[in-house]
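Since the structure is predicted, the reported quantities are computational estimates derived from the model, not experimental observations. Below, chains carry the letters A, B, ... as their sequence lines are ordered, and counting in each starts from 1.
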There are 2 protein chains.
Amino acid sequence: MGVRKVRAAETRAALQEAAREQFVQRGFLNTKITDITAAAGRATGSFYDHFTDKDELLKELLTDMHAQARERITAGDHPREHDLTDRAHLHSHLGAAWHVMRANLPVVVALYEQAMADGPRSGRLWQRLVEDTAMFRDHLEYLREQGHRLPGDPVLVAAAMGGMLSTLAYAIMGSGATGLPDDEIVDTLTSLLLHGLAGPAAK
Amino acid sequence: MGVRKVRAAETRAALQEAAREQFVQRGFLNTKITDITAAAGRATGSFYDHFTDKDELLKELLTDMHAQARERITAGDHPREHDLTDRAHLHSHLGAAWHVMRANLPVVVALYEQAMADGPRSGRLWQRLVEDTAMFRDHLEYLREQGHRLPGDPVLVAAAMGGMLSTLAYAIMGSGATGLPDDEIVDTLTSLLLHGLAGPAAK
DNA sequence: GTCTATAGTAAGATAGAC
DNA sequence: GTCTATCTTACTATAGAC
């Protein structure tokens, strides 16, 4: 590879990395192109040699995250029959989701803000929620087929779980607001989603 | 009251009402001052005779909502001892929250977007979440004092519930995305938060 | 108080030298 | 490919006539 090409790749990577920082620092919508280039130590114009706009940059970050998520999923091998009413299984799912979100907080933040940017009327946030919780939904539908009585429509239940997770990720990660370690947060969410406020029947 | 004053009050109200529409239509951040004045059928400049900026207008809408919420709360009379592990009580709480959010969707939308606008680092969304779920938290802390074993830290559990509710409100209301009636949504959330995915012990 | 017209500002995006 | 300099656009906010 030529020297020029290497330089270009470096700049590209520097811009992406700077964007990650800035998205967490300022939020996605609030991050200006100049914030990114400044943080990367490049000139404003250089941005446009690599990306057409902020959305395109985000799309590439998203691809990375998807690859990462897929890897983690297939590593553990996820058949549809995973039983979400089993504490170990549920805990592992929530833990994985939390882990991937933390590793890709800038992307989570950006997607969330982007989905909200068009307003509630657009239905874009709902679409995101449904897409991102497809796995939960599959597991829930399987349970239902097995005769298990769910709290309600699997799509809604899955979306509710996803909404809880992503909002908390946004609110907690990066600000360390709660002071609680990740383990404890995942434990709490597992308990809440498994047996609810009432707790397991046996006291 | 003089004619001039009446006219002014009318314009003021028209601007607020137009803002409500626009916030739901376009989202809060995306709504420009000119969108509001245009929707209200007034000139751009008139906006500034009544509000210094968008945030101030929102603050007034918020006051209305608080009054409304307070009224609904004191109407039902909410002592700290309300037992959230009792289905009827939990259902009534969630239903009330859902109802107030629907009646004030523009405000919910705006506050949510506003809280996210500063980015995750600011901790503003977490702050909102904690503030808005104070009531849940109180009830949960009471339960804990009574020896009931909660899923985890009451602050976190309450915030998780609030995050789930507000995200779903944003995603569902106004787009009617799910096709489900409000009753069914509240029922589902009640079941999920009361006994979790596993459901009540007795099958 | 409300309007029209416009000044001011911030950010996205491009042109052209190196 | 990267830079500096600049054009363009969209919006906020104000000035001044009515």
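Here the P atom of nucleotide C:dG1 and the CZ atom of B:Phe51 are 12 Å apart, to the nearest Å. Summarising the geometry, the separation between CD1 on B:Ile33 and P on C:dT9 is reported as 17 Å, rounded to the nearest angstrom. Between the NZ atom of B:Lys32 and the C1' atom of D:dA13 there is a distance of 15 Å, given to the nearest Å. Between A:Leu29 atom CG and C:dA11 atom P the separation is 13 Å, expressed in whole Å. Protein atom CG of A:Asn30 is 13 Å distant from nucleotide atom C1' of C:dA10, rounded to whole Å. Regarding A:Phe47, its CZ atom lies at a distance of 8 Å from the P atom of C:dA13, rounded to whole Å. Taking atom CG of A:Asp55 as the reference point, atom C1' of C:dA13 lies 15 Å away to the nearest angstrom. The NE2 atom of A:His50 sits 7 Å away from the C1' atom of D:dG1 (whole-angstrom rounding).
Between B:Met161 and B:Arg137 there is no side-chain heavy-atom pair separated by less than 4.5 Å.
Inspection of the B:Ser122 and A:Arg26 side chains reveals no N or O donor paired with an N or O acceptor under 3.5 Å.
Ring pair A:Phe23/A:Phe28 is perpendicular by interplanar angle, where above 60° counts as perpendicular and below 30° as parallel. Relative orientation of the B:His139 and B:His82 rings is tilted, given thresholds of 30° and 60° on the angle between their planes.
Look at A:Arg80 and A:Glu145 and you find a salt bridge, because one of the NZ, NE, NH1 or NH2 atoms lies within 4.0 Å of a carboxylate O, short of that distance.
For the pair A:Lys54 (side chain) and A:Thr31 (backbone), a donor-acceptor distance under 3.5 Å is present.
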Quick one: which protein N/O atoms are closer than 3.5 Å to N/O atoms of nucleotides 3-5 of chain D? Pair and distance per line, please.
| unit_1 | atom_1 | unit_2 | atom_2 | d |
| --- | --- | --- | --- | --- |
| D:dC3 | OP2 | A:Ala43 | N | 2.8 |
| D:dC3 | OP2 | A:Ser46 | OG | 2.5 |

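The nucleotide whose nearest atom lies closest to any side-chain atom of B:Tyr48 is, among C:dG12, D:dT2, D:dA13, D:dA13.
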